[in-house]
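This structure is a prediction, so every number in the text was calculated from the model and none was measured. For ligands, and for the atoms within them, numbers begin at 1 and follow the listed sequence.
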Amino acid sequence: PDSPTQRVGERPASQFDSVRHNIPLYSLDNAFNIEEFTNWEKRWQNQLKNPVEPEYVCELKIDGSALALTYENGILVRGATRGDGETGEEITQNVKTIRSIPLKLQVENPPNRVEVRGEAFLPLETFDRINQDREANGEAPFANPRNAAAGTLRQLDSRIVDRRQLQFFAYTLYIPGEDGDRPFHTHQEALQKLQEFGFLVNPNQTICRSLEDVAQYYDRWNEERRQLPYMTDGVVVKLNDIELQQRLGFTQKAPRWAIALKYPAEEVPTTVESVT
Ligand code: IVH
């Protein structure tokens, strides 16, 4: 099942099955400026008995489509869309076409089960090429790379998905076992482990220990993201300490230990040419 010949299926699927996620996929709460971020920091600090010196991992927020991957004895057995967070669609055949997703974990003795979460996305160059082809064929172009990635993942024919050349950045690792799902101390250790397993982890993450550091990272990437070959719509700030993450837990929909610090949506003028 991990042979490179297995990356593309021979026969198109007739439809996708629904799958219940072993561990739900949470969303993220949003902040739109440093003041809102400061309020979030106060909220999680107030939840603790004693204040702690925060250590955050700041990451880019990749504007793509979330995937849940399951490995059994080191072999990729399932790839699913996020869906509503509880139930998604089983798109294993399509996920296998993504070259940055290992079909087999690159370690000697892999854990029995591994769950990986991350973002599938279309590089901007590929997005432009797909839209040029679509327009040449008289098809409507995709509005943005996020829609194009989501649409591509739900293609029934994995040969088409293969041609679209999706990419994947991994950002969450679960290794279910006796000591819980997170047998490491920090989020950065998990990112390191994901790399050892053969995943692509976005290299532009950094530790921030103060509001000023976070604000600087946020401002810096608002400029530099224009040079990146993929779309980002903000940064994600996560507490690095897994034990602290576990103490803070989740609300109905999102972790209390992480927040998306978003950039304002891009605005472009539209001319209404006629109304019929
Ligand atoms: S962490 C419980 N990290 O943003 C942790 N999400 O708006 C939840 N996303 O559904 C996710 N880049 O699809 C995380 N570096 C990143 C991310 C990221 C993009 C997406 C993810 C999530 C959505 C929430």
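Side-chain rings of Y71 and F197 stay apart, their centers remaining 6.0 Å or farther from each other. For F127 and F142, the ring centers are positioned 6.0 Å apart or more. Taking the centre of each ring, Y263 and F32 stay at or above the 6.0 Å mark. Aromatic ring centroids of F37 and Y56 lie under 6.0 Å apart.
Within the structure, ligand 1 has K238 among the residues with a heavy atom less than 4.0 angstrom away. Residue contact annotation: T172 has no non-hydrogen atom under 4.0 Å from ligand 1. Residue contacts with ligand 1 include L60, since one of its heavy atoms falls under 4.0 Å from the ligand. Residue-ligand proximity: A260 is placed with every non-hydrogen atom at 4.0 Å or more from ligand 1.
Looking at ligand 1, you won't find any N or O of W257 less than 3.5 Å from one of its N or O atoms. When only interatomic distances are considered, the shortest N/O to N/O separation between K61 and ligand 1 falls below 3.5 Å.
When hydrogens are left out, the protein atom nearest atom 15 (N) of ligand 1 is E59 OE1, 2.8 Å; that is the closest non-hydrogen contact. Shortest contact from atom 9 (N) of ligand 1 to any protein heavy atom: E119 OE1, 3.6 Å. Among all protein heavy atoms, the one lying closest to atom 12 (N) of ligand 1 is I62 N, 3.0 Å. Protein heavy atom closest to atom 2 (C) of ligand 1, with residue, atom name and distance, is P255 CG, 3.7 Å.
Of the candidates F169, F250, Y171, F121, the one placing a heavy atom closest to atom 11 (C) of ligand 1 is Y171.
Within 6.0 Å of CD on Q246 lie more than 12 heavy atoms contributed by other residues, nucleotides or ligands.
When all heavy atoms of V19 and E89 are compared, the closest pair comes out as CG2-C, 4.1 Å.
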Donor-acceptor list for residues 106-115 side chains, cut-off 3.5 Å, not counting sequence neighbours:
from : atom 1 : to   : atom 2 : distance (Å)
R113 : NH1    : E115 : OE2    : 2.8
E115 : OE1    : R117 : NH2    : 3.4
E115 : OE2    : N22  : ND2    : 2.7
E115 : OE2    : T70  : OG1    : 3.3

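Legend: residues meeting salt bridge (charged side-chain N to carboxylate O under 4.0 Å, His left out) with K253, ordered by chain and number and at least two apart, are D29.
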